[in-house]
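To keep things clear, I will list the structure first and then write my remarks on it.
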Amino acid sequence: MPKVKLNGKEIEVKPGTMLIDAFKQAGEDIAHYCYHPGLPTAGVCRLCMVEIEGNPRMQIACNTVVTEGMSARNNSDKVKEAVRWGLNFHLINHPLDCPICDQAGECGLQDQYMKFGKYTPEMSEQKVKKRKVVSLGERVVLDSERCILCSRCVRFTSEITKTNELGIFNRGDHAEIGTFEDKPLNNNYSMNTVDICPVGALTSKDFRFRQRVWYLKDASSICTGCSTGCKIRVYYNEEGLFRIKPEHNPEVNGYWMCDKGRDIYKHVNPEARLQEARWGQVGNWQVKDIAEALREAGEAIRASVRDSHHSKVALVLTGQQTLEELTAAVKFFLSDLNSRDIYHWINNPEEMEKFDGLLFRGDRNPNTKGLLSLLASEKVSATWAQLEGKLNSHEIETLMVVGPEDPGVFPDLAAKLKLFAKAKRLVWLSSARVAAVDQVTTATWQIPLKSFFEKDGTLVNAQGRKQTLRKIATLIPAAVSVDQAVAVMSGREKAVPMGKFELNWKKTNFFVGERGSL
Amino acid sequence: MFELSREGIEFVKKEMTRYETKRSAVIPCLFRVQKENGGWVSPESIAYLAQLMDVPERWVQEVATFYTMFNKQPVGKYHVQVCCNISCAMAGGREMTDKICQSLGVEEGAVSKDRRYTVSRVECLGSCGTAPMMQVNDDYYENLSADKAVKILRELE
Ligand code: SF4
Ligand code: SF4
Ligand code: FES
Ligand code: FES
């Protein structure tokens, strides 16, 4: 393993390591725009300059492979001067947009300017005007003037998605990012270009102007948009959840995530949620205390079992909840009720096996694998056709359904609800407020569940990897997890631990303390 | 719909095997397209070539927009490129351009009404020793004066 000396620090790196990665490994700051660990090298921004001992001229670290005994530094005055000039060339035609730019606060140019800016501008020429607010498709907006032509977005569409929409057209200071004939950039990974754009040239239509980034707190989680289970970062504050970005996980998603997954925060926000327990049926709903609703529902289920010789209850599960929750529900039926009437609701049978070759899977449930292995290990083999038969012949008295967290991925929702309404009583557990449920024609308890943002648990992705979900905060105080619900329904617990609204990350400007006083 | 002639298609096929990567063949092939498309590359012809070469459209578009030798706007039958870089400028290239435009009644960069001429100002064409000079389609005319140039252009068939 080659030993290298970086800014005087000795470290050992893997053979073939790029110098820039070695600097990062050594914990040494190194300026860069075009370099991205998930993309091929371009070496165009000239910001990662280093001095290598024995080399008269400075080199770029992102395109230099380390060799045994190499000694390099980027903290000398010579390097700093080079970076200063590099940065200023980038800024020649860059507009003074920061106050109205969505990238402000997480912008590469701002960050480097703090360290390497010239502060007294020396440019007296007119800046070149380019296209602004160009719609690049359904999700991305381009501002050409802000672009520093690092080519990250171009390399992303050519090397990662291989869709090749983006290119650099024209030449010199007229060079511009764009698509051929302004065709839309509508692949399912387009938002990654927004993430990797180091400046405010590419911004997200969904997120633009909704929050200043310094008002957001972020936390790590797992995408529940499909069975791939990409590692994500959720951004939120007291007003709700605002955006989702990918986090690096070499085993699952690398540096990327798909555009569909970016939307999952929308069904977590309170306006999309079932806020309280309800009891009734179409045209006549009554709000209930959550514990009371659970006690009643549990009593109804247990009565249906007690009063008959053969099982008059059934449990419907989806791959949307955590392994712990599904296990609790299955155990409730197997042990407490002695019923094996447990069914797997497959929301999109034709799509289930689809895979786009990159990340996105047709199985839009985060835990189908977990559910299937659970059912297999408990030897539950009831088929959906059996359930349909029983419901159609009105054999089922009380039906318990652990429904979708994201109703948007259940195209069959309305049809299934019609079927479920054939039971005499329905216990519907879901985190989402579903309009179709308000229309059911049978006596129903609606129990609000927690979303992935609000609970701990395990999800098993399509590769069979167990991934841990961590609770970030509580949004709906009355919401319960399935295991909490089952504990009350089975009579083991009398009440549920009432949650408290915790999304109390205040919008405060934490730079205030740093700006000094006048 | 633009399409290359049979020979044009043959040419493209051959160019594509000539270099290590297809990408290198974009320039010669695009020149061929420009020639067969009446002196300019239209978005349509770019899309056509990309499809013929089985490469992303943006590769061809990038090349077309990078080089000024590819005309992105229609040009007249005779594309007159007058050099106005330093040697030619000192020898009267700029005045010559103005005079040509005036005499032919065409605005710089535009196509004349009879669709015969487009006059554009260009940088050094590498013929500084014989300044001022102009290039008409593929041919050089050197040691010019404004009158000489206009005469040559008028006499083109
Ligand atoms: S748009 Fe952004 S990512 Fe793309 S080249 Fe410009 S600065 Fe780089
Ligand atoms: S591929 Fe699946 S898990 Fe990954 S971001 Fe998209 S929807 Fe989410
Ligand atoms: S990061 Fe090395 S040249 Fe851009
Ligand atoms: S300056 Fe006109 S040909 Fe060189």
Side-chain angles (χ1 to χ4, degrees), chain A residues 34 39-42 44 93 128-131 134-137 140 142 144-145 147-187 189-190 192-193 196-197 201-202 357-358, chain B residues 1-3 12 16 19-27 29-31 33-34 37 40-75 81 83-86 108-109 120-126:
Chain A
C34 66
L39 297 172
T41 308
V44 292
N93 283 314
V128 176
K129 293 269 173 247
K130 290 183 189 168
R131 302 206 295 170
V134 183
S135 169
L136 268 193
V140 183
L142 164 70
S144 280
E145 287 183 347
C147 170
I148 55 161
L149 295 168
C150 72
S151 81
R152 277 181 175 186
C153 57
V154 176
R155 280 174 283 150
F156 180 81
T157 51
S158 78
E159 304 297 328
I160 307 297
T161 58
K162 308 218 188 313
T163 44
N164 270 304
E165 293 98 338
L166 292 170
I168 299 179
F169 305 127
N170 297 316
R171 177 166 45 121
D173 60 4
H174 289 282
E176 238 184 284
I177 290 291
T179 58
F180 176 65
E181 287 289 281
D182 281 339
K183 282 191 185 167
L185 169 71
N186 277 350
N187 68 60
Y189 295 88
S190 65
N192 290 295
T193 62
I196 58 180
C197 180
L202 298 174
L358 211 50
Chain B
M1 246 313 271
F2 170 78
E3 262 177 44
V12 169
M16 275 166 48
Y19 308 94
E20 264 172 50
T21 70
K22 279 201 263 184
R23 208 167 184 169
S24 311
V26 170
I27 294 182
C29 296
L30 197 55
F31 264 120
V33 166
Q34 168 154 299
N37 193 42
W40 73 298
V41 288
S42 58
E44 192 191 52
S45 65
I46 287 173
Y48 167 82
L49 182 63
Q51 205 189 12
L52 183 65
M53 296 180 72
D54 191 23
V55 299
E57 288 160 341
R58 68 130 180 139
W59 284 13
V60 186
Q61 173 83 342
E62 281 175 333
V63 169
T65 56
F66 188 91
Y67 296 104
T68 48
M69 296 78 146
F70 294 113
N71 300 312
K72 271 72 71 182
Q73 299 294 331
V75 290
Q81 304 183 63
C83 174
C84 290
N85 208 303
I86 186 144
E108 202 181 307
S120 38
R121 231 173 255 251
V122 297
E123 302 306 328
C124 182
L125 290 170

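Here is the naming used below: chain letters follow the sequence lines, and residue numbers restart at 1 for every chain. Excluded from the calculations below are hydrogen atoms, water molecules and symmetry mates; all remaining heavy atoms, backbone and side chain alike, are included.
- Counting non-hydrogen atoms of other residues, nucleotides and ligands closer than 6.0 Å to OH of B/Tyr67 gives a total of 12 or fewer.
- With a 4.5 angstrom heavy-atom cutoff, B/Ala47 touches chain A via backbone and side-chain atoms both.
- Residue A/Glu159 qualifies as enclosed at atom CD: its count of foreign heavy atoms under 6.0 Å is above 12.
- Contact detail for B/Pro43 and A/Phe180: the closest heavy-atom pair is O-CZ, 3.4 Å.
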### A/Arg171 and B/Thr65: CA distance, side-chain angles, deciding distance, side chain to side chain contact (heavy atoms under 4.5 Å, CB included) verdict
CA-CA 7 Å; A/Arg171 177 166 45 121; B/Thr65 56; over 6 Å; no
### Test log, rule side chain to side chain contact (heavy atoms under 4.5 Å, CB included), inputs A/Thr157 and B/Arg58
CA-CA 11 Å; A/Thr157 51; B/Arg58 68 130 180 139; 5.6 Å; no
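- Among the candidates A/Glu181, A/His174, A/Glu165, the residue making the largest number of heavy-atom pairs closer than 4.5 Å to chain B is A/Glu181.
- Looking at heavy atoms from C-beta onward, A/Asn164 lies in side-chain contact with B/Trp59 at the 4.5 angstrom threshold.
- Summarising the geometry, atom CD belonging to B/Gln61 is positioned 13.0 Å from atom CD1 belonging to A/Ile168; distances are rounded to the nearest 0.5 Å.
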